[in-house]
Amino acid sequence: MAQRIKRMQAMKVLGIETSCDETGVAVYDTEAGLLAHCLHSQIDLHAAYGGVVPELASRDHIRRLPALLKQTLAAAGLQASQLDAVAYTSGPGLAGALLVGASVAESFAFALKVPALPVHHLEGHLLSPLLSSDPPQFPFVALLVSGGHTQLMRVRGVGDYALLGESVDDAAGEAFDKTAKLLGLGYPGGPQLAQLATQGVAGCFRLPRPMLRSGDLDFSFSGLKTAVLNVVSGADWDSARIADLAAEFQQAVVDVLCAKALAALRKTGLKTLVVAGGVGANQHLREVLNAALEKRGGRVHYPEPALCTDNGAMIAFAGAMRLAAGEATGGKPEVRIRPRWPLAELRPPQSVMA
């Protein structure tokens with residue numbers, strides 16, 4: 001059963017996620033937990049182009065949202081009039097995609113005369129492990145690893161985040177996808193590379209561990225991708241060993257993520273680590289982190305597997321957490337998006353009246 005918000009009247013919050021190439025809708029009940037969540041992935045739509053095409057993504061969100069809203073409310077056993085708030089991803093993300101979700105959410109909330117809550121996409125990821133049956137307790141260190149972000153944060157509470165370190169170039173997920181393309185794998189490349197790595201042996205190639213001993217908590221994965229390019233472009237490259245190269249690449253990324261996460265725990269004096277974002281679903285990363293934290297008397301928390309990628313459930317939950325803390329909006333609908341929105345700029349919940 002999902003973690004429940006206490007000290008407030010039970011409220012039902014609709015969440016809408018449209019930051020990139022997944023259309024997610026969910027309903028979270030502060031008493032009963034997650035009632036329903038539905039997701040449409042655009043993988044097939046973008047596969048022919050080898051990556052996300054922003055205009056196509058926006059148009060597909062427009063097509064999918066009405067049906068997903070009906071489907072989610074039906075699955076939750078609710079009428080729209082029973083909703084108490086509508087939360088939506090305000091940023092960061094693709095501007096056009098964000099506009100779709102924000103416009104629908106603000107209009108829906110205005111028609112229902114309920115609060116509309118703009119939510120930071122990464123805050124949704126960061127808080128998503130709280131939806132699990134065994135949620136972490138504040139404070140903790142969060143490792144956010146996705147296609148667009150690799151960050152370490154100290155988390156004291158909702159909206160109380162301190163940036164400890166981040167990638168200075170490619171994020172871990174981005175490096176996975178670009179490396180997969182170098183190896184001739186299909187789209188999306190990250191999961192395919194991780195699957196291929198299970199058939200190989202790390203150590204057959206020698207790839208660098210960028211910034212492993214930099215003395216700070218920042219990351220860099222662009223050079224690792226270049227190192228793979230140098231291997232596959234070499235005259236002695238043996239394509240039959242592609243699984244070994246995939247395994248070595250994955251091991252290099254995992255080594256760096258694990259070392260930096262442990263360093264962040266030592267620096268903060270905390271023993272609880274939360275891992276969120278799409279790369280957080282990587283099984284090898286989980287195995288290495290679990291063993292490392294168990295050895296040190298700590299604990300790692302992850303979102304449920306279905307909630308690792310972008311989804312409406314994390315947005316509904318983050319909105320509910322902020323609503324529980326007193327944050328609300330009122331008045332005329334105002335479409336609020338921030339395609340570029342550093343998580344460190346986010347503030348604790350506060351009452352905001354339009």
Side-chain angles (χ1 to χ4, degrees), residues 2 5 11-46 52 56-94 96-112 114-125 127-128 130-131 146 276 278 303-323 329 333 335-337:
I5 300 174
M11 304 189 81
K12 298 174 180 63
V13 180
L14 179 77
I16 297 176
E17 156 62 25
T18 62
S19 65
C20 190
D21 59 344
E22 273 122 1
T23 313
V25 181
V27 177
Y28 181 81
D29 186 317
T30 56
E31 276 286 320
L34 186 62
L35 298 183
H37 75 102
C38 299
L39 184 71
H40 172 75
S41 174
Q42 299 178 3
I43 287 178
D44 292 341
L45 177 65
H46 301 290
V52 177
L56 294 181
S58 302
R59 292 180 182 183
D60 200 59
H61 288 311
I62 294 172
R63 284 194 295 267
R64 304 293 178 178
L65 261 179
L68 281 176
L69 285 167
K70 292 180 181 179
Q71 180 183 347
T72 305
L73 288 172
L78 298 175
Q79 299 294 321
S81 59
Q82 294 176 271
L83 296 173
D84 298 293
V86 179
Y88 64 92
T89 302
S90 181
L94 301 175
L98 292 170
L99 278 171
V100 174
S103 299
V104 170
E106 288 281 354
S107 301
F108 203 26
F110 183 68
L112 295 173
V114 299
L117 302 160
V119 171
H120 195 295
H121 177 76
L122 294 183
E123 181 173 51
H125 275 303
L127 297 177
S128 60
L130 295 171
L131 280 163
S146 67
E304 300 295 341
L307 302 182
C308 284
T309 57
D310 297 348
N311 61 85
M314 69 183 191
I315 303 304
F317 180 70
M321 294 281 279
R322 286 187 164 267
L323 190 64
T329 60
V335 176
R336 290 158 288 181
I337 67 166

Practice task
Could you tell me whether the side chain of Ser90 and the main chain of Arg336 form a donor-acceptor pair under 3.5 Å?
Solution key: yes
Practice task
Return yes if some donor-acceptor pair links the side-chain N/O of Gln42 with the main-chain N/O of Ala57 below 3.5 Å, else return no.
Solution key: yes
Handout entry: Side-chain heavy atoms of Pro92 within contact of His120, under 4.5 Å
Key = yes
Problem - Residue among Leu131, Val119, Val13 satisfying side chain to side chain contact (heavy atoms under 4.5 Å, CB included) with Phe317 - result: Leu131
Fill in the blank from the handout: Nearest heavy-atom contact between Leu35 and Ala76 is CB-CB, 3.9 Å
Handout entry: For Phe110 against Pro333, the heavy-atom pair lying closest together
Key = CD1-CD, 3.3 Å
Exercise for the section: Have a look at Ile16 and tell me which of Leu65, Leu68, Thr89, Val100 forms a side chain to side chain contact (heavy atoms under 4.5 Å, CB included) with it. Expected result: Leu65
Practice task
Search all heavy atoms of Met314 against all heavy atoms of Asn311 and return the closest pair with its distance.
Solution key: N-OD1, 2.8 Å
Handout entry: Stepwise side-chain contact (heavy atoms from CB on, under 4.5 Å) test for Val114 and Leu83
Key = CA-CA 8 Å; Val114 299; Leu83 296 173; 5.5 Å; no
Practice task
Specify the closest pair of heavy atoms between Tyr28 and Ala316, including all atoms of both residues, with the distance to one decimal.
Solution key: CB-CB, 3.9 Å
Problem - Note, Val86 side chain near Glu106 side chain (heavy atom, < 4.5 Å) - result: no
Problem - Side chain proximity check, Glu123 to Arg322, heavy atoms < 4.5 angstrom - result: yes
Problem - Rounded distance [0.5 Å steps], CD1 in Ile315 versus CG in Leu127 - result: 9.5 Å
Exercise for the section: Check the pair His40, Asp60 against side-chain contact (heavy atoms from CB on, under 4.5 Å), reporting the backbone distance first and the verdict last. Expected result: CA-CA 10 Å; His40 172 75; Asp60 200 59; 3.3 Å; yes
Exercise for the section: Please step through side-chain contact (heavy atoms from CB on, under 4.5 Å) for the pair Leu98 and Ser19, ending with a clear verdict. Expected result: CA-CA 5 Å; Leu98 292 170; Ser19 65; 4.0 Å; yes
Exercise for the section: Would you confirm whether His61, through its side chain, and Glu17, through its main-chain N or O, come within 3.5 Å as a donor-acceptor pair? Expected result: no
Problem - Non-hydrogen atoms of Pro303 and Leu307 that approach each other most closely - result: CB-O, 3.9 Å
Problem - Closest non-hydrogen atom pair between Ala97 and Ser58, with its separation - result: N-OG, 3.1 Å
Problem - Separation between CG of Leu45 and CZ of Arg63, rounded to the nearest 0.5 Å - result: 7.0 Å
Practice task
Mark yes or no for whether Thr72, through its side chain, and Ala26, through its backbone, hold a donor-acceptor pair below 3.5 Å.
Solution key: no
Practice task
State whether Lys12 and Asp84 are salt-bridged, where the test is any N-O pair (Lys NZ or Arg NE/NH1/NH2 against Asp/Glu carboxylate O) under 4.0 Å.
Solution key: no
Problem - Test log, rule side-chain contact (heavy atoms from CB on, under 4.5 Å), inputs Leu14 and Leu69 - result: CA-CA 9 Å; Leu14 179 77; Leu69 285 167; 3.7 Å; yes
